[in-house]
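Only this structure's heavy atoms are used, side chains among them; waters, hydrogens and symmetry mates stay out.
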Amino acid sequence: MADEALRRYYDGLPREGGFPARCHMELPRRTLSGARVVNVGCRRGKGCYKLSELVGPMGHVTGIDWRPPLIDEARAGVSAALERSRIPRSNMTFAVAYPERLRSVVALESADYVYLNSSFALFADPLQALRECRAVLVPGGSLLIECAVADSEGSAAARALIVEAARHLGNAVQAAPSRAQLMGWLAEAGFMAPVLREEHEVAADRGSVFDHRVPTVPGDDAAYRLVALEARKPR
């Protein structure tokens, strides 16, 4: 997609996307100390602050979001986050960029991990975003993706209409790809077969906190699962 088309698309998304605001982060059980991590769709930086503690003073976290006001809020919270973690100097950087233009702010083959949250389903071009993630990962690096997948018995045309309407609402659950579609994107982007880290059911109206509900697209027959996957870039 051209830059102007990306700008129009992201400008049309609601600032608050409900479920994407959750900061659960299913991370590898191995240590992340010293790792270089890129968090795409970082919003106000809460996930980056969590990652900052895990990578420690020898690691680095880069938070990327397409919404400048959210990046400003993320930067403003760095000092308090470092005070809580007692890390002596900042190990975080924040930048404004579209997921499809990740290489404009992150160097090629410079990250050990790239983390994508459930806002992935709202990306303008998910396949291109995955290609960008692969490009900035070191050989053998890992993509950590935590997003919803849809299981629908309806027609492909009906499903496409639900996804389009859900994107306008900013509902990242109903905008989810099917499991097969997600696996196909990962393979086409050049990742190895992913490992499933966690999976559980998620409601289409699930908001950012337990008792919060978000608008949904009516007439949706799909069931949704939240999956946490790790996919490696070949060495």
Task: Backbone N/O of V136 and side chain of R103: donor-acceptor pair under 3.5 Å - done: no
- [ ] Kindly compute the distance separating CZ (F94) from CE (M92), expressed to the nearest 0.5 Å.
- [x] 5.5 Å
TODO: With the side chain counted from C-beta on, respond yes when R197 and V227 share a heavy-atom pair under 4.5 Å apart, and no when they do not.
DONE: no
- [ ] Check whether any side-chain heavy atom of V217 sits under 4.5 Å from a side-chain heavy atom of L169, and report yes or no.
- [x] yes
Open item on the list: Quick check: do V138 and R36 have side-chain heavy atoms less than 4.5 Å from each other?
Closed with: yes
Open item on the list: Do Q174 and T216 make a side-chain contact, defined as non-hydrogen atoms from C-beta onward lying under 4.5 Å apart?
Closed with: yes
TODO: Is it possible for you to say whether M183 and L196 belong to one hydrophobic cluster, with membership spreading through side-chain heavy-atom contacts below 4.5 Å?
DONE: yes
Open item on the list: Would you compute the distance between atom NE2 of H200 and atom CG of L226 and round it to the nearest 0.5 angstrom?
Closed with: 4.5 Å
Open item on the list: Regarding E164 and R167, does a basic nitrogen lie under 4.0 Å from an acidic carboxylate oxygen?
Closed with: no
TODO: Find out if a path of hydrophobic residues (ILVMFWY) with successive side-chain heavy-atom gaps under 4.5 Å connects Y113 to V195.
DONE: no
Open item on the list: Do L13 and V40 land in one hydrophobic cluster if side-chain heavy atoms of ILVMFWY residues count as linked below 4.5 Å?
Closed with: yes
Open item on the list: Please check this pair: side chain of S155 against backbone of A158, looking for a donor-acceptor N/O pair closer than 3.5 Å.
Closed with: yes
- [ ] Nearest 0.5 Å please: distance from the CG atom of N117 over to the SG atom of C147.
- [x] 9.5 Å
TODO: Assess the side chains of N91 and S52: does a donor N or O sit below 3.5 Å from an acceptor N or O?
DONE: yes
Task: Heavy-atom pair with the smallest gap, counting every atom of G47 and N39 - done: C-ND2, 4.0 Å
TODO: Calculate, to the nearest 0.5 Å, the distance between atoms CE and CZ belonging to M1 and R101 respectively.
DONE: 8.5 Å
Open item on the list: Quick check on E4: does its CD atom have over 12 non-hydrogen neighbours (other residues, nucleotides or ligands) under 6.0 Å away?
Closed with: yes
Task: Joint hydrophobic cluster, L182 plus V163, side-chain heavy atoms closer than 4.5 Å - done: no
Open item on the list: If I compare all heavy atoms of L130 with all of A189, which pair ends up nearest, and what's the gap?
Closed with: CB-CB, 3.7 Å
Open item on the list: Any heavy-atom pair between the side chains of L116 and F123 that's under 4.5 Å?
Closed with: yes
TODO: Grab the two heavy atoms, one from P234 and one from G190, that are nearest each other, plus how far apart they are.
DONE: CD-O, 3.2 Å
Open item on the list: Does L127 form a side chain to side chain contact (heavy atoms under 4.5 Å, CB included) with E188? I'd like the steps, not just the answer.
Closed with: CA-CA 8 Å; L127 175 56; E188 190 172 347; 3.5 Å; yes
Open item on the list: Give me the atom names and distance for the closest heavy-atom approach of F120 to P126.
Closed with: CZ-CB, 3.5 Å
TODO: May I ask you to decide if V149's main-chain N or O and R225's side chain share a donor-acceptor pair within less than 3.5 Å?
DONE: no
Open item on the list: Side chains of T62 and V37, heavy atoms from C-beta outward: is any pair under 4.5 Å?
Closed with: no
Open item on the list: Would you say that F191 contacts L143 through its side chain, given a criterion of any heavy-atom pair below 4.5 Å between the two side chains?
Closed with: yes
Open item on the list: Rounded to the nearest 0.5 Å, what separates atom CG in L32 from atom NZ in K50?
Closed with: 10.0 Å
Open item on the list: Let me check something: do Y224 and L161 share a hydrophobic cluster, defined by ILVMFWY side-chain heavy atoms less than 4.5 Å apart, either directly or through other members?
Closed with: no
Open item on the list: Quick one: does any side-chain atom of T31 pair with a main-chain N or O of S33 as donor and acceptor, under 3.5 Å?
Closed with: yes
- [ ] Might you point out which heavy atoms bring D65 and R67 nearest each other, and give the distance in Å?
- [x] OD1-NE, 2.7 Å
TODO: Determine, step by step, whether Y98 and W66 satisfy the ring pair (Phe, Tyr, Trp, His ring centres under 6.0 Å) criterion, reporting the C-alpha distance in whole Å, the side-chain angles of both residues, the deciding distance to 0.1 Å, and the verdict.
DONE: CA-CA 5 Å; Y98 300 125; W66 58 89; 7.8 Å; no
TODO: Look at the side chain of E132 and the backbone N and O of L102, then say whether any donor-acceptor pair between them is shorter than 3.5 Å.
DONE: yes
Task: Nearest-0.5 Å distance that lies between atom CZ in R84 and atom OG in S79 - done: 10.5 Å
TODO: Show the numbers, then the answer: is there a side chain to side chain contact (heavy atoms under 4.5 Å, CB included) between V55 and V61?
DONE: CA-CA 8 Å; V55 304; V61 179; 3.8 Å; yes
Open item on the list: Tell me the closest heavy-atom pair linking A121 and P177, and the distance in Å.
Closed with: CB-CD, 4.4 Å
Open item on the list: Walk me through whether R43 and E73 qualify under salt bridge (charged side-chain N to carboxylate O under 4.0 Å, His left out).
Closed with: CA-CA 9 Å; R43 293 176 55 82; E73 291 184 46; over 6 Å; no
Task: Pairing of E230 and R30 as salt bridge, 4.0 angstrom limit - done: yes
Open item on the list: So, applying salt bridge (charged side-chain N to carboxylate O under 4.0 Å, His left out) with R159, which one of D151, D220, D221 is it?
Closed with: D220
Open item on the list: Is any side-chain heavy atom of C42 closer than 4.5 Å to one of I64?
Closed with: no
Open item on the list: Between K233 (side chain only) and L137 (backbone N and O only), is there a donor and an acceptor less than 3.5 Å apart?
Closed with: yes
Task: E146 (side chain) donor-acceptor with L229 (main chain) under 3.5 angstrom - done: no
TODO: Spell out, as yes or no, whether a donor-acceptor pair under 3.5 Å connects the side chain of Y10 to the backbone of A124.
DONE: yes
